[in-house]
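Okay, structure first, notes after.
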Amino acid sequence: MVQMNKGKNFMSIATQCESLLRKYSSSNSLSQTKQLHAFILTYGLFSSSRLSSILATTYAQCNHASYASYLFDNLTQRTLYSWNTMMRMNVQIGRPHDALNLFVEMLASGHVMPDNFTYPIVIKACADLSFVRMGVGIHGQTFKGCFDLDTFVQNCLLAMYMNVGEKEAAQLVFDLMKEPTLVSWNTMINGYFRNNFTEEALRVYSRMMDLGVEPDCATMVSVLPACGVLKNVELGREVHVIVREKGFWANMSVRNAMLDMYVKCGLMKEAQLLVNEMDEKDVVTWTTLISGHILNGDAKSALMLCPMMQCEGVKPNSVSIVSLLSACGSLVSLNHGKCLHAWAIRQWLDSEVHVETALIDMYTKCNHDNLGYKVFMKTSKKRTAPWNAVMSGFIHNRLAREAIKLFKKMLVEDVKPDNTTFSSFLPAYSFLADLQQATNIHCYLIKSGFLYRLEVASVLVDIYSKCGSLGYAHQVFNIIPLKDKDIIIWSVIIAAYGKHGHGEMAVSLFNQMVQSRVTPNQVTFTSVLHACSHAGLVDEGLSLFKSMLEQHKIIPHVDHYTCIIDLLGRAGRLNDAYNLIRTMPVTPNHAVWGALLGACVIHENVELGEEAARWTSELEPENTGNYVLLAKLYASVGRWRDAENVRDMVNEVGLRKLPAHSLIDARNM
DNA sequence: ATAGGGTTAG
């Protein structure tokens, strides 16, 4: 209970209340404030406007919005301090809009002028709301009172500009700072990182270190994710040393960020060692490790961590569930997924939008698009992500028409599509390969303006290519200015020409791409080599392959060898192809042998063809196409009995899919 | 009295 000296007069009771309120205000003790509030009411002390003002701000300090606002509204005199406190409360409880309204009201009242405490609050409010124009206006106002040189104001401006993606403005403010503090440096590092200027984040960090600024935990937590994204292990290890030296290891966030860095760099063994070293692990630690295993293609280990985590008394949260569900999806493990779904329901986590999305994703990846759709039907259908998940689920299960139907429904229900939406449902048109439909969606994309997004244009190029319309594909390709074309859209157009036998065009586009200083990757080389092999461009293909190895230092994938084998084989250089297979550093797969087999059929080389067929029947016994090729080969050299035997061989392995007409075709050749 | 920080979908 409130302790009061009853003997004293009115003024001194009020003074005692004041000092108690100040104490409660600094310790944020709401229940004691309420008791004192009741006391003040009973003793009729509200005639003291000073006391009610302090009471209002005390409630505001405790983030008790309803009492604070009520008292504040009834104040006869509002001090700058009380305005500031009310605004700060609103920002803290996530009502930046109300904070800004108060700011406008305060300016309109004309009694008080904002001070160095006001600006950080309202700038933060603008940052939370991404109100750039208002933020810039307030930035301008700070000059009037010479608050623009206040470190706190400047640091808030940095954070605001970074928050709304105006990195140039942030840099300008930063450059004007006479003495950037550690917080300024951290804000810049983190801001560049969050705006996807990861290299710049690291540059700021090293400049800061060069200047001898002492980093703190927040610096570590900002620089480590940047190391992770860039897979910069060297710098990551340097940071690790600093963390050890300075004792930051005691900080949970730093430990988790460190773990995340190793995970993102693909060093799972070191990540595990790091975890073993931790005697305290929270849900973020576990989730980082779980998603790390998934990221590195080991979904099984990820799922096994779930019971371990619970054994140690850590309860998964919605983020953990999302990661675990994605593991179930990639393992096509419906039972695990259902267990997690049930668990999420019991924990009241199942109606969180990320969880809903992950559930839909899991069910559709487990080939149960009906269950995914059921989850979707239960969602609020206001957020975009679940729609995207159902659409890509339909695509996964090759239900192109359903995906398109859902997209139309989404527009009707006025749900805003995002970039993912298009990568979720546009591939449906590639499946349909229907030029009329493709043209329809093309029109929509023009009208809605989405066509000018690189990812969208890339898919449309692919759609037209699948429809066989290279002209339209190229037109769409040309929409994107040369400087904006990325590796993906180049790969798509090269593959488009390659697929339709226009090898020269594919090679020429490839050269244009290299000229425009886009570095080709594994995928582009696969496309262009494929194009060469289809068009019989032997020399071009071989020299491209050479440049891939020597100039671009790309480690060849088995697909690249398949193209080269196909290339040599079609050109009749069967022995060269065979020798390459025997000497190549990657294990030849079914496709490699299949390419050789196909070439042997063209050039009627039974000896090598039989060898190739032996391998294909071992590596890919279920593919009837290979048997057809062998039968064709025998038939073409008149070995009818062997051709018949091939058919019997197929029957022996229990495959009756070999269509009868294939042998008949072979006979008729 | 004021500022900066870690794990998530497609």
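Throughout, a chain's letter reflects where its sequence line sits, starting with A, and its residues are numbered from 1. The figures that follow rest on heavy atoms only: side chains count, while hydrogens, waters and symmetry mates do not.
Going from atom CD of A:Gln92 over to atom C1' of B:dA3 covers 12 Å, rounded to whole Å. Atom CG of A:Leu324 is separated from atom P of B:dT8 by 13 Å (rounded to the nearest Å). In this structure, the CE atom of A:Met160 is 21 Å from the P atom of B:dT2, given to the nearest Å. Note: NZ (A:Lys264) to P (B:dT8) measures 5 Å, nearest angstrom. Atom P of nucleotide B:dA1 and atom NZ of A:Lys124 are separated by 20 Å, given to the nearest angstrom. As rounded to whole Å, 19 Å separates atom P of B:dT7 from atom CH2 of A:Trp286. Atom P of nucleotide B:dT2 and atom CD1 of A:Ile123 are separated by 16 Å, given to the nearest angstrom. Regarding A:Arg383, its CZ atom lies at a distance of 12 Å from the C1' atom of B:dT8, rounded to whole Å.
For A:Asn84, counting side-chain heavy atoms from C-beta on, the closest listed nucleotide (B:dT8, B:dG5, B:dA1) is B:dA1. When the nucleotides B:dT2, B:dT7, B:dG5 are ranked by their closest atom to the side chain of A:Asn190, B:dG5 comes out on top. Of all nucleotides listed (B:dT7, B:dT8, B:dT2), B:dT8 comes nearest to the side chain of A:Ser323. With B:dA3, B:dA9, B:dT7 as the choices, the nucleotide that has an atom nearest any side-chain atom of A:Asn155 turns out to be B:dA3. Which of B:dT7, B:dG5, B:dA9 sits closest to the side chain of A:Asn251 comes down to B:dG5. When distances run from any side-chain atom of A:Ser253 to the nucleotides B:dA9, B:dG5, B:dT2, the shortest one goes to B:dG5.
Ion pairing between A:Glu402 and A:Lys405 fails under the 4.0 Å rule for side-chain N and carboxylate O. A salt bridge between A:Glu18 and A:Arg22 is present, with a side-chain N of the basic residue lying under 4.0 Å from a carboxylate O of the acidic one. A salt bridge does not link A:Arg383 with A:Glu413: every distance from a Lys NZ or Arg NE/NH1/NH2 to an Asp or Glu carboxylate oxygen is 4.0 Å or more. A salt bridge links A:Glu280 with A:Arg255: the distance from a Lys NZ or Arg NE/NH1/NH2 to an Asp or Glu carboxylate oxygen falls below 4.0 Å.
The residue A:Arg194 sits close only to the backbone: its heavy atoms come under 4.0 Å of sugar-phosphate atoms, none of a base. Here A:Asn388 lies out of heavy-atom contact (under 4.0 Å) with every strand. In this structure, A:Cys156 reaches the sugar-phosphate backbone alone: every heavy-atom distance under 4.0 Å involves primed, P, OP1 or OP2 atoms, never a base. A:Arg255 comes within 4.0 angstrom of no nucleic acid atom, judged by non-hydrogen atoms across all strands. Counting non-hydrogen atoms under 4.0 angstrom, A:Ser423 reaches nothing in the nucleic acid. A:Asp282 comes within 4.0 angstrom of a base, heavy atoms only. Base contact: A:Ala385 has a heavy atom under 4.0 Å from a base atom. Residue A:Thr420 is classed as a base contact, given a heavy-atom separation below 4.0 Å to a base. Within the nucleic acid shown, A:Asp150 has no heavy atom closer than 4.0 Å to any nucleic acid atom. Among the protein residues, A:Asn419 comes within range of no part of the nucleic acid, since none of its heavy atoms lies under 4.0 Å from any strand.
In this structure, the ring of A:His341 has its center less than 6.0 angstrom from the ring center of A:Tyr363. The ring of A:Trp185 has its center no closer than 6.0 angstrom to the ring center of A:Tyr205.
Considering only side-chain N and O atoms, A:Asn116 lies nowhere under 4.0 angstrom from the phosphate OP1 or OP2 of B:dT2.
A:Trp387 pairs in a ring-ring contact (aromatic ring centres under 6.0 Å, His included) with only one of the listed residues (A:Phe376, A:Tyr373, A:Phe425), which is A:Phe376.
By the stacking rule of 5.5 Å between ring centres and under 30° between planes, A:Tyr81 does not stack on the base of B:dA1. A distance cut-off of 5.5 Å between ring centres, combined with a plane angle under 30°, places A:Phe152 in a stacking arrangement with the base of B:dT2.
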